[in-house]
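Notes for the one structure printed next.
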2 protein chains.
Amino acid sequence: MGSEGHADGTVGKALDVLEMVADQGGPVRFSDLLALSHYPKATLYRLLQTLVNQGMLSQDLDSGAYRIGVRLVRLAHNAWAQSSLAPLARPHLDALAAEVGEAIHLAQIDNGHILFVDKRKTTNMFETLAQAGRVAPAYCTGVGKAILAFLPEASRDKVMPQQSFHPYAPATHTGPASLLAELEIIRAEGVAFDREEHERGIISIAAPIRSRAGRVIGAVSIATSTSRHTLEELNALKPRLLHCAAAIGAEAESWQFPEIV
Amino acid sequence: MGSEGHADGTVGKALDVLEMVADQGGPVRFSDLLALSHYPKATLYRLLQTLVNQGMLSQDLDSGAYRIGVRLVRLAHNAWAQSSLAPLARPHLDALAAEVGEAIHLAQIDNGHILFVDKRKTTNMFETLAQAGRVAPAYCTGVGKAILAFLPEASRDKVMPQQSFHPYAPATHTGPASLLAELEIIRAEGVAFDREEHERGIISIAAPIRSRAGRVIGAVSIATSTSRHTLEELNALKPRLLHCAAAIGAEAESWQFPEIV
DNA sequence: GATGTGGTTCCATTAAGTGAAACTAAGTCT
DNA sequence: AGACTTAGTTTCACTTAATGGAACCACATC
């Protein structure tokens with residue numbers, strides 16, 4: 001991950017570096033970045049300088065370490081508020097979480113991968129935040145399959161080849177055929193199950209969030225562990241989950257999300 | 001606001017454009033941006049192309065309009081989570097909001113201006129100007145004065161000349177002298193009041209959030225309208241507010257925020 | 001006072017960004 | 001239908017800015 005090859009121009013490199021700092025989750029020293037990136041010393045240096053000048057990064061006065069700058073924080077809020085389902089869905093997730101007492105996930109799709117944009121976990125608030133913003137595969141998560149199932153055919157065709165089908169667990173789909181078959185079932189049932197396909201012991205039930213126009217714009221899921229609940233018990237929550245997804249979808253009516261895929 | 005002159009190099013321009021799109025709060029067409037920016041057509045075009053290539057912006061397939069891209073959303077989450085007081089303060093704000101039943105604001109300072117990073121609104125009845133992610137002046141807001149008061153002298157000296165002293169309301173400070181005098185009082189009392197200085201009918205009580213080292217890293221406030229409460233009533237909440245600020249400050253101990261000012 | 005490490009600056013070379021203008025694709029009007 | 005505007009895209013000679021190897025500086029550490 002990190003620096004993909006397609007760094008066109010100076011801007012690409014700068015953004016690459018910016019992301020690199022952001023990914024570190026804290027102050028990073030110059031030499032650490034130098035080691036991480038394949039940029040020559042002077043180039044990296046200038047890039048960082050520029051970003052600091054721009055307020056996107058900020059440099060610690062004494063240690064000289066780099067971190068997120070205020071301008072990025074401001075931009076971040078802006079971007080997040082307008083371009084993610086999260087703020088809109090928040091109250092609905094709160095309600096659902098309070099009612100079912102299990103972990104709730106809200107996800108969108110991003111180039112064939114699942115982007116978790118919000119989470120509720122009734123037990124620990126902190127971990128929640130740590131994980132939102134993370135990316136997971138689509139083919140082996142509840143939310144992923146829920147989205148895939150309801151994607152327009154054309155989009156799905158573009159997304160399928162991007163799936164790695166890495167066998168995370170015994171139950172993981174190992175190829176497109178079985179996955180496509182399951183998607184059919186999901187379309188019929190209206191919800192997707194994660195049957196310990198991504199992580200052993202973790203199961204979930206997921207529903208797509210659809211705008212009134214019918215476009216899938218995300219998915220919600222209720223996740224739990226096999227030690228706490230069975231799939232049947234999760235299935236009992238289906239009406240509640242669908243209701244939540246519908247509520248979010250209805251509100252998202254006017255809202256515009258970046259084109260999928 | 002928006003595009004300050006200091007756009008060094010291509011990267012600066014690109015970020016400028018990026019921010020411009022983000023500020024629009026929705027899809028923007030090329031020509032709108034062309035009108036907004038002072039960049040020549042071709043330059044703007046290439047800049048946008050680059051940003052789209054980089055995944056920071058996304059272009060609508062049919063309309064061709066530009067909006068926030070998924071990569072920016074991902075970056076945004078990252079940045080927000082690690083670089084703002086918000087995630088850390090969240091539970092404390094929730095608690096305070098539940099207890100006092102009034103609007104709660106969390107703010108940081110950013111180049112002499114106040115950046116609202118989170119808010120709790122218990123009633124939709126009145127809408128304060130402070131939307132999360134928004135910027136407000138320091139000299140005429142509760143949170144702003146609370147921060148100013150406890151800033152180290154050197155920082156304050158840098159920040160004071162940045163205040164515009166625009167008279168939003170009759171009670172607004174009109175110059176540094178009276179403001180500095182009030183800051184003295186605030187230091188003594190430990191809290192700052194907004195006495196309808198920014199918006200008529202809106203009052204608040206604010207407390208600085210300080211790390212154990214004593215550095216001000218933000219402020220919390222309880223805001224209400226004159227129709228609902230008096231300043232004296234707000235003052236009764238002082239212990240509760242101070243407690244909340246202290247709790248956040250204690251937790252922020254290890255946490256590092258970009259250098260102020 | 002020598003050696004090492006982390007960070008900053010120089011400068012000739014090269015690549016990349018620039019933007020006026022020309023062009024294409026859709027409308028819109030008569 | 002043909003002329004005319006409007007919105008977006010491409011071209012290309014020109015200019016500016018990015019590049020990176022190497023030298024340099026600051027400050028520890030031996």
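These numbers come from a predicted model, not from an experiment. In the text below, chain A, chain B and the rest are named by the order of the sequence lines, each starting its count at 1.
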* **Inter-axis angle, terminal five-pair segments of the helix from C:dG1-D:dC30 to C:dT30-D:dA1 [nearest 10°]** => 30°
* Asked: So, the side chain of B:Thr43 versus the backbone of B:Tyr39: is there a donor-acceptor pair under 3.5 Å, distance only?
  -> no
* Asked: Taking atom types as modelled and ignoring hydrogens, do the side chains of B:Glu251 and B:His92 form a donor-acceptor contact shorter than 3.5 angstrom?
  -> yes
* Structure fact -> To the nearest angstrom, the OH-P distance between B:Tyr66 and D:dA7 comes to 14 Å
* To do: Output yes when a side-chain donor or acceptor of B:Ser155 lies under 3.5 Å from a complementary backbone atom of B:Leu151, and no otherwise.
  => no
* To do: Quickly work out the B:Leu48 CG to C:dG17 P distance and round it to whole Å.
  => 14 Å
* To do: Answer yes or no: does a side-chain N or O of A:Tyr45 lie under 4.0 Å from OP1 or OP2 of C:dT8?
  => yes
* Interatomic distance, A:Leu44 CG vs C:dT8 P [rounded to whole Å] -> 11 Å
* Asked: What integer distance in Å separates A:Phe30:CZ from D:dA26:P?
  -> 17 Å
* Asked: Side chain of A:Arg210, backbone of A:Arg215: donor and acceptor closer than 3.5 Å?
  -> no
* Asked: Counting N and O atoms only, with roles assigned by atom type, does the side chain of A:Arg71 sit under 3.5 Å from a partner on the main chain of A:Met56, one being a donor and the other an acceptor?
  -> no
* Excluding sequence neighbours, so at least two apart, what forms salt bridge (charged side-chain N to carboxylate O under 4.0 Å, His left out) with A:Asp32? -> A:Arg29
* Rounded interatomic separation in angstrom, taking CG from B:Asp16 and P from C:dG17 -> 17 Å
* Roughly, in whole Å, what's the span from CD in A:Gln49 to C1' in C:dT8? -> 8 Å
* Any A:Tyr66 side-chain heavy atom under 4.5 Å of A:Val52 side chain -> yes
* To do: Could you tell me whether the side chain of B:Gln163 and the main chain of B:Tyr139 form a donor-acceptor pair under 3.5 Å?
  => yes
* Between C:dT8, D:dT9, D:dG8, spot the one nearest the side chain of B:Arg29, thanks. => D:dG8
Protein-nucleotides 16-20 of chain D N/O pairs closer than 3.5 Å?
| from | atom 1 | to | atom 2 | distance (Å) |
| --- | --- | --- | --- | --- |
| D:dT19 | OP1 | A:Lys13 | NZ | 2.8 |
| D:dT19 | OP2 | A:Arg46 | NH1 | 3.4 |
| D:dG20 | OP2 | A:Thr43 | OG1 | 2.9 |
| D:dG20 | N7 | A:Arg46 | NH2 | 3.1 |

* To do: Determine: side-chain N/O of B:Ser31 to OP1/OP2 of D:dT6, distance under 4.0 Å, yes or no.
  => no
* Side-chain donor/acceptor of A:Arg67 to backbone N/O of A:Leu57, under 3.5 Å -> no
